[in-house]
Amino acid sequence: MPRYDASKSEPFWQDAWARAGTFVARRNDDKPKYYVLEMFPYPSGALHIGHVRNYSMGDVIARYKLATGHAVLHPMGWDAFGLPAENAAQERHVHPGEWTYGNIAAMKSQFARLGLSLDWSREFATCDPDYYGQQQAMFIDFLEKGLVYRKNAVVNWDPVDMTVLANEQVEDGRGWRSGALVERRELTQWFFKISDYSEELLSALDRLDNWPDKVKTMQANWIGRSRGLQFRFGLKGAPEGFDDLPVYTTRPDTMRGPTFAAIAPEHPLARKLAAENPEIAAFCEECRRGGTSEEALETAEKLGFDTGLKALHPADPDWELPLYIANFVLMDYGTGAVIGCPAHDQRDLDFARKYDLPVIDVFEPVEGPARAPDRAFVPPKTETVRYVCWFGDAGIVQTCQQAMDTTLALFEEKGWGEARTQYRLRDWGLSRQRYWGCPIPVVHCDACGVVPEKKENLPVRLPEDVNFDIPGNPLDRHPTWRDVPCPACGAAAKRETDTMDTFVDSSWYYARFTSPAAQGPTDAAEAAYWMNVDQYIGGVEHAILHLLYARFFARAMQACGHLPETAIEPFDALFTQGMVTHEIYQTAAPDGRTEYHLPQDVEIRDGVATLKADGRPVTVIPSAKMSKSKKNVVDPLEIIDLYGADTARWFVLSDSPPERDVEWTAAGAEAASKHLARVWRIAEAAREAPETGKGDEELLREMHKAIHDVTMGIESFGFNTSVARLYAFASALSKSRAGRRAQVEAARVMAQLMSPMTPHLSEEIWHLLGGEGLIADARWPVADPAMLVEDEVTLPIQINGKRRDEITVPKDLPKDEVEARALASQAVQKALDGGSPKKVIVVPGRIVNVVV
RNA sequence: GCGGGCGUGAUGGAAUGGUAGACAUACCAGACUUAAAAUCUGUUGGGGCAUGGCCCCGUGUGGGUUCGAGUCCCACCGCCCGCACCA
């Protein structure tokens, strides 16, 4: 018998699908449409095993939907702008575009080997001028709709390289190349008004029934709606023009507990004071050290400076609180000023301890021990506590929410403040001081101000003649690209040299796939037909930002007429697959920076890791998310070379549940390969089975159960259980002595059930067993319900919740009859010892529990 | 620091609140073979005993709800992800 040869078979079937156009998406009004999309990859140049897992999952869905009679759209493209291309340009002196398109070509050929059911005719890269030109057109539309504006915002500034750094380029508060201490610096930047949609983006989450709850929870927390109290502190000793200080608090119930007030170092009052007082100026300077990430700000040591000013409590002008400037107060949140209530906020308590400020308990637990001295008491708002010091009766027991409502009402009545709903969500800063991104299509004119480029001049193309020998944005110093006439008045003007955040590129690519060659951003008819994405698949690391930005963009596009109203929630169903993790290999470079190494460059022998190149010892960091920057990526092409794509696909879909992380190990790929070889042998044996045999009925029953279970597995993203079921079915078929007809039917169904996972092998078996046409076009098998039910069922018998015996009864046996038989069982008789049971629970078809 | 999640044999994992460990990997034993590979079959959570059978324990730790908890609730421990300029 010839053995199955993946290296010959796989290219053959890939070619057959391409010639037949099997996966070209076609509008067909006789069929339901299905749009399945996996988050498109960044073209790093190398396919990694995480891609294989992600795209194999999407492919299972796409092929399954094709087989169940849908018009399927399953496209692929490239998220091609971004920082790595500029890093490569710096390190290797290649142009980012050349590097990126080279990577795309390499990765496309790697993708081809996986045999994915992709419609490559719709391919595009976000760095294609055609794509980013449409994006520029939309930017101008958004500008006209008031959805884009400019304001100042802080960036990480490297004072040695004189350049802006991404958060990723800041390590322990220092620039990753220069090692210099990073500073915060303010620049005028472009923003999308995503905050206009805070309420809408929050409330619409309720309609996303097929999104994971954890993603919806994370988005809701990120948007962070709170209802709180807006009030003003009077100020004593403040400079001219600062009569009072607006403050927002989410805990009005603690308004009798504050012992200090604090403002951000960037607060206008702080700036005013700094201008007059060198000590304050020095402190504010000190606060500007370190990165801009929230994590960096929140974990930094709490620093405060007593301004000597007094904040006067709105409810009692004689109540004076010291006013501090503090580094943990964020200018972006609320009003840039906070009220410090140490007893009920851990940060405030830490601050109070450090600066020796009093602590006033507003409420205490109803029962149990009182608050520990260095532990703030912060119960959920729904918890019942005893209020001992607030604007109501002392000693009253109520929930925090009740106290907050009462206090808000009181403050409004007395005119001390007012209730206000606030969102944590900030506007989306899209400016990047970098070359390899979509140019922002505006011109700065001394006479006309900010003028959008004329749409007929789009795309504003990136200039080719740039170099990266000097840190910073080459567009800033480009001699001719930057200097242009004003589109409005024709006078000499300058182009905006900032480019767009790459999140912009990935916020609408799903819409572009519906008509990738449209003259505008989208084509109305195509978008109406294919949108929404029926199943979106991607990593959980995108749970907040990418998905929130895409949801915002769909709304903004709808407002500008680029998407139908029905598509403002662009992803009907979301699945977040787990990450593939791997150990990280690192060494210290001579200048102290950390260098990362690819697994293929590292040799591990007797538990000691060294570099293959020069034998230097390598530090092994435990498994973490695979990332280009950490270089802990694995080359799946080696598996494909060795065993074929079907084995790689089968392997990544086996064992681990799709939503969970999986650590890559080389072991197991061989086992997957062995199983596929076995499946081939089973199919051949079925063809050669004797005309008649015994057990036809059992085999076909087993087949229908397999159809049912595998289908359920695919429908519910339980690919690992579908695979396990297919192992069991293969075993059953291999042991069966059934006649040829039954065996061939079972083997063909097995091939069909496997075809979403192992399409090439399945085509081969289909062909071998006389299937008509391509298995990719064949209708998915349907389980016969009559073949699924058993005549008899075995019930475990529990005594006091512990399994003690079992009985086998006809499946329809009445409940009281089941109970009688259970009570008659030996174990129950023994346990009862002549007595009678206290209680008997019979769960039909499941279990019997006897309480004695 | 804040937000979200995860924790089951030697390993990956299965289990609508209903027989914990399906299906694999690994290990061990057997068949086939001169031998090896390949293939096929079987055993394997821990402990105990009167060992062709029975008992006890067991899903990170400690409590709770329930006839019944891996699953639900509370607290704790550990690990992972995100935190707005990585994509």
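So that the names make sense, note that chain A is the first sequence line, chain B the second, and so on, each numbered from 1.
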Looking for any heavy atom pair under 4.0 Å, which part of the strands does A/L83 touch: base, sugar-phosphate only, or nothing? sugar-phosphate
Hey, does A/P657 reach any base, or is it just sugar-phosphate, or nothing, if we go heavy atoms under 4.0 Å? sugar-phosphate
Atom CD of A/E91 with >12 non-hydrogen neighbours under 6.0 angstrom: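 Yes, because the 6.0 Å sphere around CD of A/E91 holds more than 12 heavy atoms from other groups.
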Given side chain to side chain contact (heavy atoms under 4.5 Å, CB included), test A/F81 with A/Y132 step by step and report yes or no. CA-CA 10 Å; A/F81 274 134; A/Y132 71 70; 3.5 Å; yes
Pairwise [atom1] distance, [M] and [N] [rounded to whole Å]:
N      : M      : atom1 : result
B/rA37 : B/rA31 : P     : 15 Å
B/rG7  : B/rC57 : P     : 25 Å
B/rG3  : B/rA75 : P     : 13 Å
B/rA15 : B/rG21 : P     : 13 Å
B/rG9  : B/rU59 : P     : 9 Å
B/rG17 : B/rC72 : C1'   : 8 Å
B/rG18 : B/rG68 : P     : 14 Å
B/rG58 : B/rU71 : P     : 13 Å

Do A/D498 and A/Q433 meet the criterion of a side-chain donor-acceptor pair at a distance under 3.5 Å?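 A donor-acceptor contact under 3.5 Å links the two side chains.
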Does any donor atom in the side chain of A/T188 or A/N152 lie under 3.5 Å from an acceptor atom in the other side chain? yes
For [X] and [N], what is the distance between atoms [atom1] and [atom2] respectively, to the nearest whole Å?
X      : N      : atom1 : atom2 : answer
A/I797 : B/rC67 : CD1   : P     : 20 Å
A/E670 : B/rA37 : CD    : P     : 12 Å
A/I799 : B/rC67 : CD1   : C1'   : 13 Å
A/L165 : B/rC85 : CG    : P     : 14 Å
A/R434 : B/rA87 : CZ    : C1'   : 12 Å
A/Q169 : B/rC86 : CD    : C1'   : 9 Å
A/E86  : B/rA87 : CD    : P     : 10 Å
A/I544 : B/rG4  : CD1   : P     : 10 Å

Shortest side-chain distance from [X], nucleotide among [options]:
X      : options                : result
A/I847 : B/rG18, B/rA87, B/rA84 : B/rG18
A/E294 : B/rC81, B/rG4, B/rG1   : B/rG1
A/A671 : B/rU25, B/rA84, B/rC86 : B/rU25
A/N849 : B/rG68, B/rA87, B/rC85 : B/rG68
A/V843 : B/rC85, B/rU19, B/rG18 : B/rG18

Atom pair OH (A/Y536) and CG (A/L574), whose distance is rounded to the nearest 0.5 Å: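 Going from OH on A/Y536 over to CG on A/L574, the span is 8.5 Å.
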Measure the spacing between OG1 of A/T126 and OH of A/Y42 and express it to the nearest 0.5 Å. 9.0 Å
Provide the Watson-Crick or G-U wobble partner of [N], both distances under 3.5 Å; none if there is no partner.
N      : result
B/rG17 : none
B/rG70 : none
B/rC54 : B/rG48
B/rA29 : B/rU41
B/rA35 : none

Residue-phosphate contact under 4.0 Å: [X] side-chain N/O, [N] OP1/OP2:
X      : N      : result
A/S656 : B/rG13 : yes
A/R660 : B/rG12 : no
A/T502 : B/rA87 : yes
A/K214 : B/rG5  : no
A/N167 : B/rC83 : no
A/R347 : B/rG1  : no
A/N221 : B/rG4  : yes
A/N720 : B/rA14 : yes

Syn or anti: how is B/rG9 classified when any glycosidic angle within 90° of 0 counts as syn? syn
Using the ring pair (Phe, Tyr, Trp, His ring centres under 6.0 Å) rule, pick out the option among A/W190, A/Y549, A/Y197 that qualifies with A/W428. A/Y549
Sole residue of A/T502, A/T499, A/D501 in side chain to side chain donor-acceptor pair (under 3.5 Å) with A/R432: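 The option that passes is A/D501.
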Could A/R184 and A/W157 be counted as a cation-pi pair, given that NZ or CZ must be under 6.0 Å from the ring centre and within 45° of the axis? no
Of A/F503 and A/K830, the one whose closest RNA chain B nucleotide lies more 5':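 Per heavy-atom nearest nucleotide, the more 5' residue is A/K830.
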Return the 5'-most residue of the pair A/G429, A/E298 with respect to RNA chain B, ranking by each residue's nearest nucleotide.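 Residue closer to the 5' terminus by nearest nucleotide: A/E298.
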Below 6.0 angstrom between ring centroids: does that apply to A/W650 and A/Y727?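 Centroid separation for A/W650 and A/Y727: below 6.0 Å.
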Tell me if the side-chain of [X] makes a donor-acceptor pair with the base of [N], cut-off 3.5 Å, by modelled atom types.
X      : N      : value
A/Q189 : B/rC85 : yes
A/R725 : B/rC23 : no
A/Q433 : B/rC85 : yes

Summarise how protein sits on nucleotides 39-45 of chain B as a single string, 5' to 3': B when a protein heavy atom is under 4.0 Å from the base, S for sugar-phosphate-only contact, - for no contact. SSS----
Taking the inter-plane angle between the rings of A/H546 and A/H542 on a 0 to 90° scale, is it parallel (under 30°), tilted (30 to 60°) or perpendicular (over 60°)?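 Plane angle over 60°, so perpendicular.
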